[in-house]
Amino acid sequence: MKVEFFRHGISEEDIARAANVMRSVFLTTGRVVEEFEGRFAAYLGVEDAVGVASCTAALHLSLIALGIGPGDEVITTPLSFCATANAILHAGARPVFVDVEEETGNINAELIENSINLKTRAVMPVHLYGQMCDMARIRAIAQRHALFVIEDAAHAIEAERDGIRPGQASDAACFSFYATKNITSGEGGAIATGKGRADLLRTLRLHGMDKSAADRYTTLYRHYDLPVLGYKENMTNISAALLIGQLNRIETLYQARDRLWKTYEAELSGLRGGGLGLLKTVAGSRHARHLFTVLTDAGKRDALLHGLQERGVGVAVNFRPIHLLKYYRENFGYREGAFPVAEDIGQRTISLPLYPGLGGEEQHYVIETLKSLL
Ligand SMILES: *Cc1c(COP(=O)(O)O)cnc(C)c1O
(Lines give C-alpha, C1' and ligand atoms only; values in the text may rest on other atoms or scores of the structure.)
Protein backbone atom coordinates (compact mmCIF):
# COMPACT_ATOMS: atom_id res chain seq x y z
CA MET A 1 0.00 0.00 0.00
CA LYS A 2 1.09 3.57 -0.69
CA VAL A 3 -0.23 6.36 1.53
CA GLU A 4 0.61 9.89 0.40
CA PHE A 5 1.78 12.29 3.08
CA PHE A 6 -0.67 14.86 1.72
CA ARG A 7 -3.32 15.18 -0.97
CA HIS A 8 -5.07 18.52 -1.46
CA GLY A 9 -8.85 18.74 -1.26
CA ILE A 10 -9.50 20.96 -4.30
CA SER A 11 -12.89 19.99 -5.79
CA GLU A 12 -14.26 20.14 -9.34
CA GLU A 13 -16.28 23.15 -8.22
CA ASP A 14 -13.11 24.96 -7.11
CA ILE A 15 -11.50 24.14 -10.45
CA ALA A 16 -14.57 25.47 -12.29
CA ARG A 17 -14.39 28.70 -10.29
CA ALA A 18 -10.69 29.10 -11.18
CA ALA A 19 -11.45 28.23 -14.82
CA ASN A 20 -14.04 31.02 -14.91
CA VAL A 21 -11.39 33.49 -13.83
CA MET A 22 -9.07 32.16 -16.52
CA ARG A 23 -11.75 32.69 -19.17
CA SER A 24 -12.18 36.27 -17.98
CA VAL A 25 -9.94 39.23 -18.83
CA PHE A 26 -8.54 39.78 -15.37
CA LEU A 27 -6.12 37.18 -13.96
CA THR A 28 -4.17 39.12 -11.35
CA THR A 29 -5.19 40.95 -8.15
CA GLY A 30 -8.75 42.22 -8.57
CA ARG A 31 -12.37 41.63 -7.64
CA VAL A 32 -11.98 37.92 -6.82
CA VAL A 33 -9.12 38.66 -4.41
CA GLU A 34 -11.31 41.33 -2.84
CA GLU A 35 -14.15 38.84 -2.46
CA PHE A 36 -11.85 36.28 -0.84
CA GLU A 37 -10.45 38.93 1.52
CA GLY A 38 -13.92 39.89 2.69
CA ARG A 39 -14.95 36.27 3.26
CA PHE A 40 -11.70 35.39 5.00
CA ALA A 41 -11.94 38.36 7.39
CA ALA A 42 -15.56 37.43 8.16
CA TYR A 43 -14.59 33.80 8.81
CA LEU A 44 -11.83 34.83 11.21
CA GLY A 45 -13.87 37.52 12.94
CA VAL A 46 -11.33 40.27 12.22
CA GLU A 47 -11.62 43.73 10.71
CA ASP A 48 -9.84 43.11 7.43
CA ALA A 49 -7.66 40.65 5.53
CA VAL A 50 -5.14 41.18 2.73
CA GLY A 51 -4.33 38.50 0.14
CA VAL A 52 -0.65 38.06 -0.64
CA ALA A 53 1.68 35.66 -2.47
CA SER A 54 2.65 33.50 0.54
CA CYS A 55 2.84 33.40 4.31
CA THR A 56 6.49 34.36 3.99
CA ALA A 57 5.36 37.51 2.14
CA ALA A 58 2.65 38.06 4.77
CA LEU A 59 5.21 37.96 7.61
CA HIS A 60 7.63 40.18 5.67
CA LEU A 61 5.03 42.81 4.74
CA SER A 62 3.61 42.86 8.29
CA LEU A 63 7.06 43.64 9.67
CA ILE A 64 7.60 46.37 7.06
CA ALA A 65 4.14 47.87 7.69
CA LEU A 66 4.92 48.05 11.41
CA GLY A 67 8.17 49.88 10.67
CA ILE A 68 10.45 47.06 11.81
CA GLY A 69 13.84 46.91 10.14
CA PRO A 70 17.62 47.17 10.59
CA GLY A 71 18.73 47.45 14.22
CA ASP A 72 15.50 45.89 15.51
CA GLU A 73 15.01 42.51 17.17
CA VAL A 74 12.01 40.22 16.88
CA ILE A 75 11.43 37.41 19.37
CA THR A 76 10.30 34.11 17.86
CA THR A 77 10.57 30.32 18.21
CA PRO A 78 13.31 28.09 16.82
CA LEU A 79 10.77 25.26 16.34
CA SER A 80 9.15 26.39 13.10
CA PHE A 81 9.62 26.39 9.36
CA CYS A 82 12.65 28.48 8.34
CA ALA A 83 10.28 31.02 6.68
CA THR A 84 9.36 32.46 10.10
CA ALA A 85 12.89 33.62 10.94
CA ASN A 86 13.83 34.23 7.29
CA ALA A 87 11.05 36.83 6.99
CA ILE A 88 12.53 38.72 9.96
CA LEU A 89 15.89 38.74 8.16
CA HIS A 90 14.21 39.84 4.90
CA ALA A 91 12.91 42.90 6.77
CA GLY A 92 16.49 43.64 7.90
CA ALA A 93 15.79 42.82 11.55
CA ARG A 94 17.29 40.11 13.76
CA PRO A 95 15.42 37.03 14.97
CA VAL A 96 15.92 36.29 18.68
CA PHE A 97 14.91 32.75 19.58
CA VAL A 98 13.17 31.69 22.78
CA ASP A 99 12.82 28.00 23.68
CA VAL A 100 9.49 26.15 23.53
CA GLU A 101 7.14 24.33 25.91
CA GLU A 102 7.67 20.60 26.24
CA GLU A 103 3.96 19.79 26.11
CA THR A 104 2.97 21.75 22.98
CA GLY A 105 6.17 22.76 21.18
CA ASN A 106 4.93 26.37 21.22
CA ILE A 107 7.08 29.31 22.31
CA ASN A 108 7.37 29.33 26.11
CA ALA A 109 5.69 32.60 27.10
CA GLU A 110 7.37 32.43 30.52
CA LEU A 111 10.78 32.84 28.90
CA ILE A 112 9.93 35.72 26.55
CA GLU A 113 10.61 38.56 29.00
CA ASN A 114 14.21 37.38 29.60
CA SER A 115 14.97 38.15 25.96
CA ILE A 116 13.41 41.61 25.77
CA ASN A 117 15.84 44.53 25.54
CA LEU A 118 15.82 48.06 24.09
CA LYS A 119 16.12 46.73 20.52
CA THR A 120 13.13 44.41 20.81
CA ARG A 121 10.20 45.60 18.67
CA ALA A 122 7.94 42.60 18.26
CA VAL A 123 7.05 39.04 19.23
CA MET A 124 6.30 36.54 16.45
CA PRO A 125 4.64 33.46 17.96
CA VAL A 126 3.95 30.40 15.76
CA HIS A 127 0.84 28.30 16.43
CA LEU A 128 2.68 25.02 15.98
CA TYR A 129 0.84 22.20 14.21
CA GLY A 130 -2.45 24.09 14.77
CA GLN A 131 -2.27 24.51 18.57
CA MET A 132 -2.52 28.19 19.47
CA CYS A 133 0.08 29.81 21.68
CA ASP A 134 -1.05 31.48 24.89
CA MET A 135 -2.07 34.71 23.15
CA ALA A 136 -3.67 36.31 26.23
CA ARG A 137 -0.35 36.03 28.00
CA ILE A 138 1.77 37.02 25.01
CA ARG A 139 -0.41 40.06 24.38
CA ALA A 140 -0.07 41.13 28.02
CA ILE A 141 3.72 40.85 27.84
CA ALA A 142 3.78 42.79 24.56
CA GLN A 143 1.61 45.55 26.03
CA ARG A 144 3.83 45.81 29.10
CA HIS A 145 6.89 46.39 26.90
CA ALA A 146 5.19 48.29 24.02
CA LEU A 147 5.93 45.53 21.49
CA PHE A 148 4.00 44.52 18.40
CA VAL A 149 2.67 40.96 18.02
CA ILE A 150 2.74 39.29 14.60
CA GLU A 151 1.29 35.77 14.56
CA ASP A 152 2.59 33.09 12.23
CA ALA A 153 -0.77 31.34 11.89
CA ALA A 154 0.24 29.22 8.88
CA HIS A 155 -1.07 26.11 10.68
CA ALA A 156 -3.94 27.62 12.57
CA ILE A 157 -6.78 29.10 10.49
CA GLU A 158 -9.44 27.18 12.47
CA ALA A 159 -7.84 27.47 15.93
CA GLU A 160 -9.10 29.18 19.07
CA ARG A 161 -7.85 29.46 22.65
CA ASP A 162 -9.39 31.30 25.62
CA GLY A 163 -11.97 32.72 23.22
CA ILE A 164 -9.24 34.23 21.04
CA ARG A 165 -8.76 33.33 17.39
CA PRO A 166 -5.77 34.18 15.17
CA GLY A 167 -5.81 37.87 14.32
CA GLN A 168 -7.91 38.88 17.31
CA ALA A 169 -5.15 39.60 19.83
CA SER A 170 -2.31 40.81 17.63
CA ASP A 171 -1.27 43.56 15.23
CA ALA A 172 -1.19 41.12 12.31
CA ALA A 173 -1.76 37.40 11.79
CA CYS A 174 -0.21 35.65 8.80
CA PHE A 175 -1.66 32.64 6.99
CA SER A 176 -0.36 30.25 4.34
CA PHE A 177 -2.17 28.64 1.42
CA TYR A 178 0.91 26.68 0.37
CA ALA A 179 0.40 23.27 -1.29
CA THR A 180 0.13 21.25 1.96
CA LYS A 181 -1.79 23.67 4.17
CA ASN A 182 -5.37 23.32 5.48
CA ILE A 183 -6.73 25.24 2.48
CA THR A 184 -4.49 25.79 -0.53
CA SER A 185 -3.99 27.48 -3.87
CA GLY A 186 -0.56 25.90 -4.38
CA GLU A 187 1.03 29.14 -3.24
CA GLY A 188 -0.64 32.00 -1.40
CA GLY A 189 -1.01 33.81 1.89
CA ALA A 190 -3.05 36.39 3.79
CA ILE A 191 -2.72 38.90 6.61
CA ALA A 192 -5.51 39.53 9.13
CA THR A 193 -5.27 43.02 10.58
CA GLY A 194 -7.09 46.31 11.20
CA LYS A 195 -8.53 48.46 8.41
CA GLY A 196 -5.90 51.20 8.30
CA ARG A 197 -2.97 48.81 8.28
CA ALA A 198 -4.71 46.63 5.68
CA ASP A 199 -4.77 49.60 3.27
CA LEU A 200 -1.05 50.15 3.79
CA LEU A 201 -0.44 46.43 3.20
CA ARG A 202 -2.41 46.56 -0.07
CA THR A 203 -0.05 49.33 -1.22
CA LEU A 204 3.06 47.48 -0.02
CA ARG A 205 2.11 44.18 -1.69
CA LEU A 206 2.11 45.90 -5.12
CA HIS A 207 5.28 47.99 -5.42
CA GLY A 208 3.96 50.81 -3.23
CA MET A 209 1.62 52.12 -5.95
CA ASP A 210 -1.39 54.13 -4.80
CA LYS A 211 -3.62 52.65 -7.55
CA SER A 212 -3.67 49.09 -8.81
CA ALA A 213 -4.17 47.66 -12.29
CA ALA A 214 -7.71 46.77 -11.19
CA ASP A 215 -8.40 50.45 -10.46
CA ARG A 216 -7.14 51.42 -13.91
CA TYR A 217 -9.17 48.64 -15.52
CA THR A 218 -12.51 49.36 -13.87
CA THR A 219 -12.53 53.15 -14.15
CA LEU A 220 -11.13 55.75 -16.54
CA TYR A 221 -7.35 55.54 -16.62
CA ARG A 222 -5.89 57.23 -13.60
CA HIS A 223 -2.18 57.78 -13.17
CA TYR A 224 -0.66 56.04 -10.20
CA ASP A 225 1.96 57.55 -7.97
CA LEU A 226 4.47 55.79 -5.75
CA PRO A 227 4.20 57.20 -2.22
CA VAL A 228 6.29 54.40 -0.66
CA LEU A 229 8.68 51.69 -1.82
CA GLY A 230 6.76 48.41 -1.88
CA TYR A 231 7.26 44.83 -3.04
CA LYS A 232 5.75 42.36 -5.52
CA GLU A 233 3.91 40.03 -3.15
CA ASN A 234 0.28 40.18 -4.31
CA MET A 235 -2.30 37.38 -4.61
CA THR A 236 -3.85 36.57 -8.02
CA ASN A 237 -7.56 36.24 -8.86
CA ILE A 238 -6.86 32.63 -9.89
CA SER A 239 -5.54 31.74 -6.41
CA ALA A 240 -8.42 33.58 -4.75
CA ALA A 241 -10.93 31.61 -6.86
CA LEU A 242 -9.39 28.32 -5.71
CA LEU A 243 -9.61 29.43 -2.07
CA ILE A 244 -13.19 30.73 -1.95
CA GLY A 245 -14.80 27.28 -2.27
CA GLN A 246 -12.42 25.71 0.24
CA LEU A 247 -13.21 28.48 2.69
CA ASN A 248 -16.93 27.69 2.27
CA ARG A 249 -16.16 24.03 3.19
CA ILE A 250 -13.54 24.79 5.85
CA GLU A 251 -15.64 23.43 8.72
CA THR A 252 -16.34 20.12 6.93
CA LEU A 253 -12.65 19.78 6.04
CA TYR A 254 -11.75 20.49 9.66
CA GLN A 255 -14.22 17.90 10.99
CA ALA A 256 -12.71 15.25 8.72
CA ARG A 257 -9.19 15.96 10.00
CA ASP A 258 -10.49 16.09 13.58
CA ARG A 259 -11.95 12.56 13.24
CA LEU A 260 -8.68 11.22 11.82
CA TRP A 261 -6.79 12.98 14.61
CA LYS A 262 -8.93 11.35 17.30
CA THR A 263 -8.35 7.92 15.76
CA TYR A 264 -4.58 8.50 15.76
CA GLU A 265 -4.74 9.65 19.39
CA ALA A 266 -6.85 6.68 20.50
CA GLU A 267 -4.59 4.17 18.73
CA LEU A 268 -1.22 5.71 19.54
CA SER A 269 -1.56 7.27 23.01
CA GLY A 270 -1.14 3.86 24.66
CA LEU A 271 2.35 3.50 23.21
CA ARG A 272 4.11 5.96 25.52
CA GLY A 273 5.93 3.14 27.31
CA GLY A 274 6.76 1.55 23.96
CA GLY A 275 8.74 4.49 22.66
CA LEU A 276 6.16 6.88 21.25
CA GLY A 277 5.06 10.17 22.78
CA LEU A 278 2.39 12.66 21.75
CA LEU A 279 2.07 16.38 22.32
CA LYS A 280 -0.90 17.78 24.26
CA THR A 281 -3.93 19.70 23.12
CA VAL A 282 -4.41 22.50 25.67
CA ALA A 283 -7.70 22.17 27.58
CA GLY A 284 -10.36 24.62 26.48
CA SER A 285 -8.70 25.29 23.14
CA ARG A 286 -9.58 24.34 19.60
CA HIS A 287 -6.61 22.75 17.84
CA ALA A 288 -6.65 23.38 14.08
CA ARG A 289 -5.47 19.79 13.44
CA HIS A 290 -2.91 20.76 10.82
CA LEU A 291 -0.05 18.33 11.52
CA PHE A 292 -0.28 15.12 13.56
CA THR A 293 3.15 14.46 15.01
CA VAL A 294 4.51 11.62 17.12
CA LEU A 295 7.67 11.81 19.22
CA THR A 296 10.01 8.82 19.01
CA ASP A 297 12.69 7.87 21.51
CA ALA A 298 15.87 9.93 21.13
CA GLY A 299 18.14 8.54 18.41
CA LYS A 300 15.44 6.35 16.85
CA ARG A 301 13.63 8.89 14.70
CA ASP A 302 15.44 8.54 11.41
CA ALA A 303 15.27 4.71 11.43
CA LEU A 304 11.51 4.90 12.05
CA LEU A 305 11.12 7.63 9.43
CA HIS A 306 12.87 5.50 6.81
CA GLY A 307 11.02 2.34 7.89
CA LEU A 308 7.70 4.08 7.33
CA GLN A 309 8.83 5.40 3.94
CA GLU A 310 10.08 1.98 2.82
CA ARG A 311 6.63 0.59 3.61
CA GLY A 312 4.91 3.24 1.51
CA VAL A 313 3.86 5.67 4.25
CA GLY A 314 4.47 9.35 3.42
CA VAL A 315 6.08 11.21 6.32
CA ALA A 316 7.66 14.58 7.08
CA VAL A 317 9.78 16.21 9.78
CA ASN A 318 8.28 19.43 11.18
CA PHE A 319 10.72 20.82 12.07
CA ARG A 320 14.46 20.69 12.51
CA PRO A 321 15.09 23.77 14.70
CA ILE A 322 15.93 26.87 12.69
CA HIS A 323 18.95 27.91 14.78
CA LEU A 324 20.78 24.68 13.86
CA LEU A 325 20.32 25.09 10.09
CA LYS A 326 23.61 25.88 8.34
CA TYR A 327 22.90 29.54 7.50
CA TYR A 328 21.86 30.35 11.08
CA ARG A 329 24.75 28.43 12.64
CA GLU A 330 27.28 30.16 10.41
CA ASN A 331 25.88 33.68 10.61
CA PHE A 332 24.71 33.76 14.21
CA GLY A 333 27.04 31.23 15.84
CA TYR A 334 24.36 28.96 17.27
CA ARG A 335 25.40 25.57 18.66
CA GLU A 336 23.58 22.49 19.95
CA GLY A 337 22.22 23.05 23.43
CA ALA A 338 21.10 26.65 22.85
CA PHE A 339 17.38 25.72 22.93
CA PRO A 340 17.23 22.22 24.42
CA VAL A 341 13.45 21.66 24.35
CA ALA A 342 13.11 22.70 20.69
CA GLU A 343 16.12 20.54 19.84
CA ASP A 344 14.67 17.54 21.67
CA ILE A 345 11.34 17.76 19.81
CA GLY A 346 13.18 18.50 16.55
CA GLN A 347 15.20 15.28 16.91
CA ARG A 348 12.23 13.10 17.83
CA THR A 349 9.32 14.32 15.72
CA ILE A 350 7.62 12.58 12.78
CA SER A 351 4.50 13.93 11.04
CA LEU A 352 1.97 11.36 9.82
CA PRO A 353 -0.52 11.71 6.93
CA LEU A 354 -3.52 13.90 7.91
CA TYR A 355 -5.97 15.27 5.32
CA PRO A 356 -9.69 14.90 4.58
CA GLY A 357 -9.05 12.51 1.68
CA LEU A 358 -7.13 10.03 3.89
CA GLY A 359 -9.19 6.85 3.86
CA GLY A 360 -9.92 4.70 6.92
CA GLU A 361 -7.96 1.77 5.51
CA GLU A 362 -5.05 4.02 4.68
CA GLN A 363 -4.98 5.41 8.21
CA HIS A 364 -5.23 1.87 9.62
CA TYR A 365 -2.22 0.90 7.50
CA VAL A 366 -0.23 3.90 8.82
CA ILE A 367 -1.06 2.98 12.43
CA GLU A 368 -0.31 -0.75 12.02
CA THR A 369 2.93 -0.05 10.16
CA LEU A 370 4.07 2.32 12.90
CA LYS A 371 3.17 -0.20 15.63
CA SER A 372 4.98 -3.03 13.87
CA LEU A 373 8.12 -0.91 13.47
CA LEU A 374 8.08 -0.02 17.17
C1 LIG B 1 4.30 26.82 5.49
C2 LIG B 1 4.78 27.71 6.60
C3 LIG B 1 5.23 29.02 6.35
C4 LIG B 1 5.48 29.54 4.99
O5 LIG B 1 4.36 29.58 4.20
P6 LIG B 1 4.50 29.98 2.66
O7 LIG B 1 3.10 30.28 2.27
O8 LIG B 1 5.07 28.78 1.95
O9 LIG B 1 5.40 31.15 2.57
C10 LIG B 1 5.54 29.82 7.43
N11 LIG B 1 5.45 29.37 8.69
C12 LIG B 1 5.05 28.12 8.97
C13 LIG B 1 4.95 27.70 10.39
C14 LIG B 1 4.73 27.24 7.93
O15 LIG B 1 4.40 25.97 8.21
Side-chain angles (χ1 to χ4, degrees), residues 5-6 8 33 36 40 49-64 74-91 95 97-98 100-101 104-107 122-133 135 138 149-159 166-167 170 172-192 201 205 231-236 238-240 242-243 246 257 279 287-293 315-323 325 328 342 345-346 349-351 354-355:
F5 177 66
F6 185 81
H8 66 72
V33 170
F36 171 69
F40 194 59
V50 180
V52 292
S54 67
C55 183
T56 311
L59 294 164
H60 170 236
L61 292 176
S62 298
L63 289 159
I64 300 288
V74 178
I75 292 176
T76 191
T77 166
L79 192 62
S80 182
F81 184 52
C82 59
T84 312
N86 285 0
I88 297 168
L89 293 176
H90 295 159
F97 297 115
V98 165
V100 301
E101 303 168 340
T104 64
N106 277 334
I107 191 166
V123 184
M124 187 179 280
V126 178
H127 306 311
L128 193 71
Y129 309 143
Q131 169 74 65
M132 268 184 86
C133 298
M135 288 305 294
I138 290 171
V149 180
I150 302 167
E151 296 168 79
D152 180 336
H155 299 178
I157 301 178
E158 307 91 337
S170 63
C174 301
F175 300 87
S176 175
F177 310 121
Y178 173 70
T180 57
K181 298 304 206 286
N182 289 358
I183 63 174
T184 178
S185 49
E187 302 287 353
I191 307 157
L201 286 163
R205 75 178 166 188
Y231 302 84
K232 186 71 201 321
E233 298 184 336
N234 53 314
M235 173 183 275
T236 71
I238 303 171
S239 299
L242 282 171
L243 293 167
Q246 292 175 76
R257 293 197 312 280
L279 294 173
H287 191 300
R289 310 304 197 201
H290 176 56
L291 285 169
F292 188 87
T293 60
V315 284
V317 171
N318 306 95
F319 297 94
R320 292 167 62 220
I322 301 170
H323 67 285
L325 300 175
Y328 284 87
I345 295 175
T349 185
I350 297 179
S351 303
L354 181 75
Y355 45 91

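Ligands are counted one by one from 1 in listed order, and the atoms in each one are counted from 1 as well.
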Quiz item: Is the ring centre of Phe177 less than 6.0 Å from the ring centre of Phe40?
Solution: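 Between Phe40 and Phe177, which both carry aromatic rings, the centre distance is below 6.0 Å.
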May I have every N or O pair linking ligand 1 to the protein at under 3.5 Å, one per line with atom names and distance?
from, atom 1, to, atom 2, distance (Å)
ligand 1, 5 (O), Ser176, OG, 3.2
ligand 1, 7 (O), Cys55, N, 2.8
ligand 1, 7 (O), Ser176, OG, 2.7
ligand 1, 9 (O), Cys55, N, 3.3
ligand 1, 9 (O), Thr56, N, 2.9
ligand 1, 9 (O), Thr56, OG1, 2.5
ligand 1, 11 (N), Asp152, OD1, 3.3
ligand 1, 11 (N), Asp152, OD2, 2.7
ligand 1, 15 (O), His155, NE2, 2.6
ligand 1, 15 (O), Lys181, NZ, 3.2

Quiz prompt | Interatomic spacing from CE in Met124 to CD1 in Ile138 - rounded to 0.5 Å | solution =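 Result: 12.5 Å between the selected atoms.
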Practice problem: Indicate yes or no: at least one non-hydrogen side-chain atom of Thr76 is less than 4.5 angstrom from one of Ile322. | Solution: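 The answer is no; the side chains never approach within 4.5 Å.
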Quiz item: Among all residues two or more places apart in sequence or in another chain, which pass the side-chain contact (heavy atoms from CB on, under 4.5 Å) test with Tyr231?
Solution: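 Tyr231: side-chain contact (heavy atoms from CB on, under 4.5 Å) contacts with His60, Leu61, Ile64, Glu233.
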Quiz item: Counting heavy atoms not belonging to Tyr178, are there more than 12 under 6.0 Å from its OH?
Solution: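 12 or below, so no.
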Exercise. Determine whether the side chains of Thr104 and Gln131 contain a donor N or O and an acceptor N or O closer than 3.5 Å.
Key: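 Side chains of Thr104 and Gln131: no pair found under 3.5 Å.
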